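So the structure is just underneath, and the comments pick up after that.
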Amino acid sequence: MTPSTQPAALPDHAFGQGAPAVKPTVTGAAHSPQTRPDDVLGELHTAVQRIAANVEKVLVGKPDVVRISLVALLAEGHLLVEDVPGVGKTSLAKALARSIDCTVSRIQFTPDLLPSDITGSSIYNRQGNEFEFRPGPVFANIVVGDEINRASPKTQSALLECMEEHQVTVDGKTYPLGAPFMVIATQNPIEMEGTYALPEAQRDRFTARVSIGYPDPAAELAMVDEHAGTNPMDELRPVSDAAQILKLVQTVRRVHLSQEIRRYAVELVSATRRLPELRLGASPRSTLHLVRAARAQAALAGRDFVVPDDIHAVAVPVLAHRLVLTAEAQAARRSPADLVRSLIQRVPVPQATPSPNGQYTQNAGTNR
């Protein structure tokens, strides 16, 4: 189980060709006698293939971005899409939301937006002579927040309880949100006029951050050929639903995570707190998000167990946006993503060797 290249997100997909994995004996796996792990993972693979193909009708030539988006969805997390204007941030969010037959709401964040505009508020009903709660747009399975950093920190804080606890508290009463629940937010890091930087507590609640980047010439030419005359978003139809997504989430939860892999994830996250280039390292919440995302990555690769390569495949999207650089590191043009990549090279990786009975056991880690 030595670390190698980044694993393919989906076998037989444009993400890459996945080599057949050797499955170790998993103790305590929660699979019924009627349902084999291969059948469950096969269903997940088929469903996710449909969603990925649907999203790629809109976002051309960005399979890795689609992969991380699906990882965040299956890991029960939230996604922050951060990039320059015009590269498809909102299109990615809307395409993923439309690919799932769930309730979807879109919030355009503006400076005058109030917290009650997101969560909802209590309105006096004259007929009943009482206050009744009117739910806001956050009461949906997929919430698309466009340009989230244009709203004030006061308004941004309305999402804190929603994203972490999947509930809303208004006037002392708590209202649960439906499942699945995912926030997909976009922000522009270049245009700072009239924007508010996301607080650390807000960024820490996003499971992953992706940057789409400019397409290569071939992908941009294909986009011009396919999108110049029609809007592909108008023709996009759901290929999954809430019930199936919840079933896939349960499958990801059952992916085996060995004690050595858990320890490796903790060591990788705790190492960020000792870097002299950082004022703030990754939080314990990021450790939970990292192992959940690694489970989703393993399931997408067709395995019911996590290997170190799964941690490596999601480490930068999950950890980089949580790190706060020192002034010296900023002046030296160091980036959080580069620091995470250097830690992946330095932190010892657990190795696996076959035992005489054919099972795989973990031994001490080695430096890469």
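Please read all numbers here as calculations on a predicted model, not as lab measurements.
Within the 4.5 Å cutoff, no side-chain heavy atoms of D241 are placed close to those of C102. A heavy-atom distance below 4.5 Å is not found between the side chains of L343 and L319. Residues D83 and V210 are not in side-chain contact: their nearest non-hydrogen atoms beyond the backbone lie 4.5 Å or more apart. Side-chain atoms of P137 and V143, non-hydrogen and from C-beta on, never get closer than 4.5 Å to each other. Looking at heavy atoms from C-beta onward, K154 lies in side-chain contact with P115 at the 4.5 angstrom threshold. Inter-residue side-chain proximity for E43 and K247 is flagged as met; some heavy-atom pair is nearer than 4.5 Å. Counting only heavy atoms from C-beta outward, the side chains of I261 and P308 approach each other to under 4.5 Å. Considering only heavy atoms from C-beta on, L325 comes within 4.5 Å of P336 through its side chain.
S122 and E132 are not linked by any side-chain donor-acceptor pair at a separation below 3.5 angstrom, with hydrogens and angles left out of the test. Side chain to side chain, R150 and Q108 fail the donor-acceptor criterion of an N or O pair below 3.5 Å.
Atom OG of S240 is separated from atom CG of D101 by 8.5 Å, given to the nearest 0.5 angstrom. Within the model, atoms CG of L177 and CE of M163 stand 12.0 Å from one another, a figure rounded to the nearest 0.5 Å. In this structure, the separation between CD1 on I142 and CE on M182 is 6.0 Å, given to the nearest 0.5 Å. Put simply, CD on E76 and CG on L246 are 8.5 Å apart, with the number rounded to the nearest 0.5 Å. Atom CD of residue Q167 and atom OG1 of residue T174 lie 5.0 Å apart, to the nearest 0.5 angstrom. Here the CG atom belonging to N231 is positioned 9.5 Å from the CG atom belonging to L236, to the nearest 0.5 angstrom.
No continuous path of hydrophobic side-chain contacts links I184 to F139 [ILVMFWY only; heavy atoms under 4.5 Å]. Cluster membership for V249 and L96, using ILVMFWY side-chain heavy atoms within less than 4.5 angstrom, is shared. Both L44 and I100 are members of a single hydrophobic cluster when ILVMFWY side chains are connected at heavy-atom separations under 4.5 Å. Residues L257 and L74 are members of one and the same hydrophobic cluster, defined by side-chain heavy-atom contacts under 4.5 angstrom among Ile, Leu, Val, Met, Phe, Trp and Tyr. Cluster annotation: V306 and L268 are assigned to the same hydrophobic cluster (Ile/Leu/Val/Met/Phe/Trp/Tyr, side-chain heavy-atom contacts under 4.5 Å, transitive).
Contact between T272 and V269 at its shortest, heavy atoms only, is OG1-O, 2.5 Å. The minimum heavy-atom distance between R334 and L339, with the atom names listed, is NH2-CD2, 3.0 Å. Closest approach of R341 to V316, counting heavy atoms only: CG-CG2, 3.9 Å. The minimum heavy-atom distance between P180 and N141, with the atom names listed, is O-ND2, 2.8 Å. Residue K62 comes nearest to L59 through the heavy atom pair CB-CD2, 3.8 Å, listed as atom of the first residue, atom of the second, then distance. In terms of heavy atoms, S91 sits closest to M233 at O-CE, 3.6 Å.
Taking the charged nitrogens against the carboxylate oxygens, K57 and E235 have no contact shorter than 4.0 Å, which rules out a salt bridge. Between D304 and R254 there is no salt bridge, since none of the side-chain N atoms of the basic residue sits less than 4.0 Å from a carboxylate O of the acidic one.
Proximity of a side-chain donor or acceptor of N54 to a complementary backbone N or O of R237 within less than 3.5 Å is detected. Within the 3.5 Å criterion, the main-chain N or O of D204 finds a donor-acceptor partner in the side chain of R322. The closest donor-acceptor contact from the side chain of S152 to the backbone of P111 lies at 3.5 Å or more, if one exists at all.
For Y175, the OH atom sits in a packed shell: over 12 heavy atoms of surrounding residues, nucleotides or ligands are nearer than 6.0 Å.
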side-chain contact (heavy atoms from CB on, under 4.5 Å) between I123 and S121: does it pass, once the steps are laid out? CA-CA 6 Å; I123 298 178; S121 58; 4.2 Å; yes

Using side-chain contact (heavy atoms from CB on, under 4.5 Å), reason through V144 and T186 one step at a time and then give a plain yes or no. CA-CA 8 Å; V144 179; T186 71; 5.6 Å; no

Step by step, would you call E164 with R285 a salt bridge (charged side-chain N to carboxylate O under 4.0 Å, His left out)? CA-CA 10 Å; E164 181 66 19; R285 182 192 287 119; 3.1 Å; yes

Would you sort out whether F131 and N125 count as a side-chain contact (heavy atoms from CB on, under 4.5 Å), showing the intermediate values? CA-CA 6 Å; F131 284 91; N125 187 343; over 6 Å; no

Could you check R262 against V266 for side-chain contact (heavy atoms from CB on, under 4.5 Å), going step by step and ending with a plain yes or no? CA-CA 6 Å; R262 299 181 190 189; V266 171; 5.7 Å; no

Please evaluate residues E161 and T169 with respect to the criterion side chain to side chain donor-acceptor pair (under 3.5 Å), reporting the C-alpha separation (whole Å), side-chain torsions for both, the decisive distance (0.1 Å), and the verdict. CA-CA 8 Å; E161 182 183 15; T169 301; 2.6 Å; yes

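Exactly one of R292, R67, R303 qualifies for a salt bridge (charged side-chain N to carboxylate O under 4.0 Å, His left out) with D310. That residue is R303. Of the residues listed (L113, I148, D117), the one engaging T155 in a side chain to side chain contact (heavy atoms under 4.5 Å, CB included) is L113, and it is the only one. Each of Q187, R203, K89 was scored for a side chain to side chain donor-acceptor pair (under 3.5 Å) with E82, with one residue passing: Q187. Checking L73, V55, L70 one by one against S99, the side chain to side chain contact (heavy atoms under 4.5 Å, CB included) holds for a single residue, V55. When the options V252, T251, V71 are evaluated for a side chain to side chain contact (heavy atoms under 4.5 Å, CB included) with R295, the one that passes is V252.
Aromatic ring centres of H289 and F206 lie farther apart than the 6.0 Å criterion allows. Side-chain rings of Y196 and F109 stay apart, their centers remaining 6.0 Å or farther from each other.
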